[in-house]
Amino acid sequence: MPIIHQQISALRADLQLYRGSKSDHPSDKSEGRHRIALVPTMGNLHDGHLELVRIAKQQADIVVVSIFVNPTQFGEGEDLDSYPRTLDKDVEKLATVGADYVFAPSTEEMYPVLPPPTAVIAGAIADQLCGRSRPGHFDGMGIVVSKLFNIVQPDVAVFGQKDYQQLAIIKQLVRDLSYPIEIIEAPIIRAEDGLALSSRNQYLSKAERQIAPVLHQELQRLAQQLQSSQLHSQQVAALDVLLTDTHKRITEAGFVIDYLEVKTEQLTPVVTTENFNKEKPNLIVLVAAQLGRARLLDNQLVTVS
Ligand code: PAF
C-alpha cells in the first residue's frame, strides 16, 4: 500500500531520504539518488489516472500521487462541494499500480490563507476555450500545480492530454518559472466505445452515457475530413463549413456545446496567412460540451502533411 501523508512537512521529510546526500550536484546520479515522479490528481480515480501512474513508474523510482480537490480552480456555481471524494477507494486502486506515496492534504494545509494573496496568472493562453467559460480556473490550477511542484520537487510530472489546454498552461508555467521538471504527456484513455475517461462521467445518466461517445465519433470524423481536405489559405472558409456541420450533429445528439474549435497544436488560431501555408502546423480539434450534469472535454490531433 502507498504511504499516505496529509502534512507537507511529513511528505518532504520522507522524500528527502530518496534524494540522496552524496553530492548536491545535479549530475550526481550515483547510488542513493532516486528519480521522483509526481502525478497530480483531484482523486476519484479511474483507469486514466492509473495509466498516468504506470507511465510515472516507468520514468522514476518513487511515484507520488497527490489527491486534492483544489478550491481555487472552481468557479461560483461549479461542482466543488459535490465533487466526489473517495480517498479510501483511490488508495486501494493506487496500490494496484504501485504508487509509493499519496499526498492528500487538507485545504488549510495547502492554503493557510484562502484565497491566497499570491497569484499565478496563466495569461492569454487561458483566455480562450475552457478559460472563456471558466474565468480564473487556470490561474487557480496554476497556483496549486506550482505549490505541488514546490512541495514534491519531482524530476518528472505526468499529465493527461485530455485536458489539453491545462497541459499547455503547465508547460508554459514550467518554462516561465524555470522549474527543473520534465513534463510527460499521457495519451487520452478511452472507454471501449470511445468516451474519454473522466471523473465527471459519473454524472451521466444511463441514457446520457449511451449518447456520450458521439463526441469522440464526431471529433474523429472532423479530424479525418481536415486531414484529407488539404487545408490552405483559400480553404479556411471550408473549415467553417466543416465546423458548422459537426456543431450541428453534436447538438442534435443532445449536447450543449461550450466550444468546438480547430487550433494549431500550440493553441494559436488557424489563420489565413502565408506562414500557415509554409509551416503547415499540426492541428488540434477541441470540444467542451455539457450533457446533462456532466461537462465533457475531448480533443483530437490532426497531423497535416
Ligand atoms: O487535472 C486535474 O485533475 C487538476 O486540474 C490538477 C492538475 C490535479 C490540479 O488540481
Side-chain angles (χ1 to χ4, degrees), residues 1-8 10-11 14-15 18 34-71 73-74 79-107 109-110 141 144-145 147-149 151-152 154-163 166-167 170 183-206 208-209 212-213 216 293-298:
M1 286 295 249
I3 296 170
I4 306 171
H5 281 305
Q6 267 120 19
Q7 309 292 325
I8 296 171
L11 179 72
D14 269 13
L15 294 180
Y18 296 103
H34 293 73
R35 263 168 82 79
I36 296 174
L38 170 67
V39 180
T41 80
M42 297 206 300
N44 196 233
L45 305 181
H46 50 68
D47 281 349
H49 294 112
L50 300 186
E51 187 57 23
L52 302 184
V53 177
R54 285 188 199 101
I55 292 171
K57 290 285 289 180
Q58 290 162 8
Q59 300 287 330
D61 308 299
I62 300 294
V63 175
V64 181
V65 178
S66 63
I67 296 183
F68 179 63
V69 182
N70 172 38
Q73 69 188 77
F74 285 79
D79 55 348
L80 171 63
D81 292 335
S82 60
Y83 199 88
R85 282 134 169 112
T86 52
L87 184 62
D88 292 346
K89 277 193 188 149
D90 291 344
V91 172
E92 277 171 29
K93 289 181 188 170
L94 289 171
T96 67
V97 285
D100 300 285
Y101 285 91
V102 171
F103 177 52
S106 65
T107 302
E109 180 72 1
M110 283 300 269
M141 182 280 294
V144 82
V145 168
K147 282 175 72 76
L148 290 167
F149 284 172
I151 292 164
V152 177
D155 299 282
V156 296
V158 188
F159 293 88
Q161 283 175 336
K162 184 176 76 65
D163 298 306
Q166 167 171 288
L167 185 57
I170 287 165
I183 301 300
I184 313 268
E185 304 183 21
I188 299 176
I189 302 295
R190 298 182 181 280
E192 268 180 24
D193 58 12
L195 176 66
L197 297 192
S198 160
S199 299
R200 289 190 168 104
N201 289 355
Q202 70 191 69
Y203 297 156
L204 296 168
S205 69
K206 265 196 180 152
E208 288 160 356
R209 179 61 190 79
H216 174 55
R293 274 182 65 214
R295 179 181 161 88
L296 303 181
L297 299 187
D298 208 340

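- Looking at every heavy atom in both residues, Gln202 comes nearest to Asn44 through OE1-OD1, 2.6 Å.
- Proximity of Tyr83 to Pro71: side-chain heavy atoms (C-beta onward) are nowhere separated by under 4.5 Å.
- By the 4.5 Å heavy-atom criterion applied to side chains, Ile183 and Val158 are not counted as neighbours.
- Between the side chain of Asp47 and the main chain of Ala191, no donor-acceptor pair closer than 3.5 Å is present.
- Taking 4.5 Å as the limit, every side-chain heavy atom of Asn201 sits out of range of all side-chain heavy atoms of His46.
- Taken from CG in Leu87 to CG in Leu45, the straight-line distance is 9.0 Å, to the nearest 0.5 Å.
- Separation of atoms CG (Leu38) and CG (Leu15) is listed at 9.5 Å; rounding is to 0.5 Å.
- Listed for the Lys147 side chain is a donor-acceptor partner under 3.5 Å among the backbone atoms of Met110.
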Practice prompt. Could you walk me through whether Ser199 and Met42 pass the side-chain contact (heavy atoms from CB on, under 4.5 Å) test, one step at a time?
Written response: CA-CA 9 Å; Ser199 299; Met42 297 206 300; over 6 Å; no
Discussion item. Would Met141 and Asp163 count as a side-chain contact (heavy atoms from CB on, under 4.5 Å) here? Give the steps.
Written reply: CA-CA 12 Å; Met141 182 280 294; Asp163 298 306; over 6 Å; no
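- To the nearest 0.5 angstrom, Ile184 atom CD1 is 11.0 Å from Leu52 atom CG.
- Interatomic distance, Asp298 CG to Arg190 CZ, rounded to the nearest 0.5 Å: 4.0 Å.
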Pairs under 3.5 angstrom only: tabulate donor-acceptor contacts from the side chains of residues 55-69 to other protein residues two or more places apart or in another chain.
residue	atom	partner	partner atom	Å
Lys57	NZ	Gly98	O	2.8
Asp61	OD2	Arg35	N	2.6

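- A donor-acceptor pair under 3.5 Å is absent between the side-chain atoms of Gln6 and the main chain of Ser106, judged by distance alone.
- Each of Val152, Ile151, Val145 was scored for a side chain to side chain contact (heavy atoms under 4.5 Å, CB included) with Phe149, with one residue passing: Val145.
- For Tyr203 against Pro84, the heavy-atom pair with the smallest separation is OH-CD, 3.7 Å.
- Pairs engaging residues 89-104 under the side-chain hydrogen bond (donor to acceptor under 3.5 Å, both in side chains) rule: Asp14-Tyr101, Tyr18-Tyr101, Thr86-Asp90 [sequence neighbours left out].
- Arg293 and Ser82 get closest at one heavy-atom pair: NH2-OG, 4.2 Å.
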Worksheet item: Should His49 and Val53 be marked as a side-chain contact (heavy atoms from CB on, under 4.5 Å) after you check the CA-CA gap, both sets of side-chain angles, and the distance that decides it?
Response: CA-CA 7 Å; His49 294 112; Val53 177; 5.7 Å; no
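- Atom CZ of Phe103 sits about 14.5 Å away from atom CD1 of Ile3, to the nearest 0.5 Å.
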Practice prompt. Mind running side-chain contact (heavy atoms from CB on, under 4.5 Å) on Leu195 and Arg209 for me, showing each step along the way?
Written response: CA-CA 9 Å; Leu195 176 66; Arg209 179 61 190 79; 3.5 Å; yes
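- Look at Asp79 and Arg200 and you find a salt bridge, because one of the NZ, NE, NH1 or NH2 atoms lies within 4.0 Å of a carboxylate O, short of that distance.
- A distance of 6.5 Å separates CG of Leu94 from CG of Leu50, quoted to the nearest 0.5 Å.
- Counting only heavy atoms from C-beta outward, the side chains of Gln161 and Leu167 approach each other to under 4.5 Å.
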